[in-house]
Structures are given as structure tokens and as C-alpha cells.
Amino acid sequence: MFILPRGRMLQDTRQSEIYNLLQVHRTCTITDLAQRFDVSDETIRRDIRQLEEEGFAFRVRGGVTLKETAAEAPYLVRRNQNAEKKQAIALKAAALVEDGMTILIDSGSTSYWLSRALTKPRNLTVITNALDVAREMTGRNGCKVFFAGGEIDYDYQSCFGPDTEAFMNRFTPEIAFFAIGAVDSRRGLLDFHYPEASLKAAICAQASRVVALVDSTKFERQGIIKALDFRQIDIFVTDQTPPPQLLTALNEVEVLIA
């Protein structure tokens, strides 16, 4: 469980945080949410109605429950959820990149923030399947950008599939950065989208180092498909110290705390 700050928040930020809580607890009461955010019960009811209209949750007597089909929100919504955590992770990860490197950045909201953070390294070669990453990196500091095309998945704003994997597998990056949807201390690095998990598994062996980008809301979260084992990554970048059971599972991996 993570603790949210007291005090009033902007409505869209509060709704995002309510959604994050539902990802962890599945169900929350109106009373608990109102106390946590220091707002009225009616304000929380309005937030719940908005989440219900957007298809992420549904109202129950006295509270709200995560809509099971909303296991992962569309990319453009996720990109701004927990943005401060993701930005901190991105800055820590960006410090691993040196001038002239060849790096691979996969799709995901934290990958987007990493591309925003890579403002100092020059003459990079960047391989990506994410539209946002390609847009951010193209033309910056002498970077060469190779976009792995194919059919664009609207919800993920990225390309997946055999052609995308085959293109990315032609490169041998010094670092591959993977945004991870969920982490389970028993099962490894998980995802919610089969094509995304498949791509990670298919291309990770080509990189000299594999870096997982994982914000703390993903700890012990239930994904639906396995992407990678812990032994397949070299560095685990996150925003807070993982819980003991997860740290034990990561004992052969370098853990960087943003």
C-alpha cells in the first residue's frame, strides 16, 4: 500500500490516484477516499462518476470497484498517472546513457518520460517501437532514430508483432530500456498486453544490458502475462525501495532508487 499526500488536489490528479488505489485494493469506500484526499464525500462521488463514465470503475453501495476490463488504462491516460514517480525513474535511467551509445526504448508511459529526460547525451542511436519516443528523440543532439514499424496499436500508440520484433532484433543495443506493467516476486516481470510482453521476450537477448523501469505502484501487482524473468534483466530502476520479498527476488540485479 502506498500513502498519498494530504491536502487538496486537482480533480484529474485525484481521479488518477483513485484509479491507482483501485489497482492495488480493487475496492475502496467513499468515506476512506474522502478522508485520504481531504475532500467531501460528494466530491469523491463526482470523481467516481467520472471514472465510471470513462470505463475504469463502477459504483457500488458506499464505494467504488475497479472494472476488471480496465486492468490497464489506455496509454494517453497512463502517461500522466504517477508522473512524478516516472519522471524520477526516467532521470535516474537517463544517467546510464553516454554519448554515442546505441539504446533501445520500448513502449510504455515511463519510456516516454525517459525519452523526455535524454536531453544531454549526444549522437545516440535510438531504436523504438513507440511513436512518442520517436517524436521526442528525432532531431535531438545528433540522434539517429530507427522506428520499428508495422500496424500501429491505437491504445498503446506503438507497433507490435513479428515484423516489429524482427526489425528490432537486427540491432545490438548497449542498453535496452523496458517499461514494466507489473512485478510479482514469485513470477517475475509481467504485463497486461500480449504483444508488448512478447516483444520484450523476443528482443531482450540482443542487448548488452537490460534495464527495467518500474514505478512502485507496480510492486506485487497482478499482470496477466509474463514478459521476463528477473535473471533476464541487469538493472531495476524504481522510485522507492522494493518490499523485502521482492528485494530477495532481485538479489542478483542492481537496484537503483530514484
Side-chain angles (χ1 to χ4, degrees), residues 12 15-16 19-20 22-23 51 54-57 66-83 85-87 89-90 93 103-118 126-138 145-169 171 173 175-184 188-204 206-207 210-215 217-218 221-228 232-233 237:
D12 58 347
Q15 288 169 4
S16 293
Y19 178 77
N20 292 336
L22 290 172
Q23 291 278 0
L51 288 169
E54 293 175 359
F56 301 139
L66 182 72
K67 188 173 181 179
E68 292 302 323
T69 56
E72 189 170 39
Y75 167 74
L76 293 177
V77 175
R78 289 186 292 115
R79 191 174 72 181
N80 294 317
Q81 290 177 338
N82 301 305
K85 294 177 185 288
K86 293 172 183 177
Q87 288 167 18
I89 291 167
I103 62 172
L104 183 149
I105 306 176
D106 81 335
S107 60
S109 55
T110 311
S111 295
Y112 163 75
W113 291 111
L114 173 60
S115 70
R116 293 283 300 269
L118 287 169
V126 180
I127 306 101
T128 187
N129 64 318
L131 291 172
D132 265 1
V133 173
R135 278 191 290 259
E136 285 292 330
M137 299 303 301
T138 297
V145 177
F146 291 87
F147 181 72
E151 183 180 3
I152 296 172
D153 185 306
Y154 173 77
D155 285 340
Y156 286 81
Q157 294 292 291
S158 301
C159 292
F160 303 102
D163 290 341
T164 305
E165 293 170 13
F167 180 84
M168 297 179 91
N169 259 325
F171 295 87
I175 305 177
F177 292 99
F178 292 140
I180 304 299
V183 182
D184 184 290
L189 308 177
L190 313 175
D191 233 313
F192 297 90
H193 184 228
Y194 178 83
E196 194 170 16
S198 176
L199 185 139
K200 289 176 171 64
I203 66 178
C204 72
Q206 294 297 99
V210 175
V211 178
L213 310 175
V214 187
D215 74 71
T217 66
K218 312 294 176 60
R221 187 178 176 193
Q222 298 300 307
I224 63 172
I225 184 167
K226 186 169 182 175
L228 299 170
Q232 291 176 282
I233 64 172
V237 187

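Predicted, not measured: the structure shown is a model, and the values here were computed from it. Hydrogens, waters and symmetry mates are skipped; everything else that's a heavy atom, side chains included, is used.
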**OP:** Return the set of residues passing side chain to side chain donor-acceptor pair (under 3.5 Å) with Gln232 (not counting sequence neighbours), or none when no residue passes.
**Re:**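 By the side chain to side chain donor-acceptor pair (under 3.5 Å) rule, Gln232 matches no residue at all.
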**OP:** Mind checking side chain to side chain donor-acceptor pair (under 3.5 Å) for Thr128 and listing every partner two or more places apart, or none if nothing turns up?
**Re:**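 Residues passing side chain to side chain donor-acceptor pair (under 3.5 Å) with Thr128: none at all.
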Kindly indicate whether the side chain of [X], heavy atoms from C-beta on, has any atom under 4.5 Å from the side chain of [Y].
| X | Y | value |
| --- | --- | --- |
| Phe171 | Leu104 | no |
| Asp191 | Phe178 | no |
| Leu131 | Phe147 | yes |
| Asp153 | Pro195 | no |

Nearest 0.5 Å, please: how far is [atom2] in [Y] from [atom1] in [X]?
| X | Y | atom1 | atom2 | result |
| --- | --- | --- | --- | --- |
| Lys218 | Thr110 | NZ | OG1 | 5.0 Å |
| Glu136 | Tyr112 | CD | OH | 5.0 Å |
| Lys226 | Lys200 | NZ | NZ | 14.5 Å |
| Thr217 | Tyr19 | OG1 | OH | 10.0 Å |
| Ile103 | Ile127 | CD1 | CD1 | 8.0 Å |
| Leu213 | Leu114 | CG | CG | 6.0 Å |

**OP:** Using the six-membered ring wherever Trp is involved, compare the ring planes of Phe160 and His193 and label them parallel, tilted or perpendicular (cut-offs 30° and 60°).
**Re:**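 Rings of Phe160 and His193: perpendicular, as their planes differ by over 60°.
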Check [X] against [Y] and note the closest heavy-atom contact, atom names and distance.
| X | Y | result |
| --- | --- | --- |
| Glu196 | Ser107 | OE2-OG, 3.1 Å |
| Ile175 | Val211 | CG2-CG2, 3.5 Å |
| Val126 | Ile105 | CG1-CD1, 4.2 Å |
| Ala212 | Ile233 | CB-CD1, 4.0 Å |
| Cys159 | Ala148 | CB-O, 3.4 Å |
| Ala57 | Leu22 | CB-CD1, 3.9 Å |

Original post:
Is a side-chain donor or acceptor of Thr138 paired with a backbone partner of Ala134 at a separation under 3.5 angstrom?
Top reply: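 At least one qualifying donor-acceptor pair exists.
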**OP:** Evaluate the side chain to side chain contact (heavy atoms under 4.5 Å, CB included) criterion for residues Asp132 and Gln157: first the C-alpha distance (whole Å), next the side-chain angles of each, then the deciding distance (0.1 Å), finally the verdict.
**Re:** CA-CA 8 Å; Asp132 265 1; Gln157 294 292 291; 5.7 Å; no
**OP:** Using only heavy-atom distances, determine whether the side chains of Asp106 and Ser111 contain a donor-acceptor pair under 3.5 Å.
**Re:**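 Asp106 vs Ser111: donor-acceptor pair found between side chains.
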Original post:
Does one side chain, of Ser109 or Lys86, offer a donor that lies under 3.5 Å from an acceptor on the other?
Top reply: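 Yes - a donor-acceptor pair under 3.5 Å links their side chains.
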Original post:
Would you say Gln222 has more than 12 foreign heavy atoms packed within less than 6.0 Å of its CD?
Top reply: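 More than 12 within 6.0 Å, yes.
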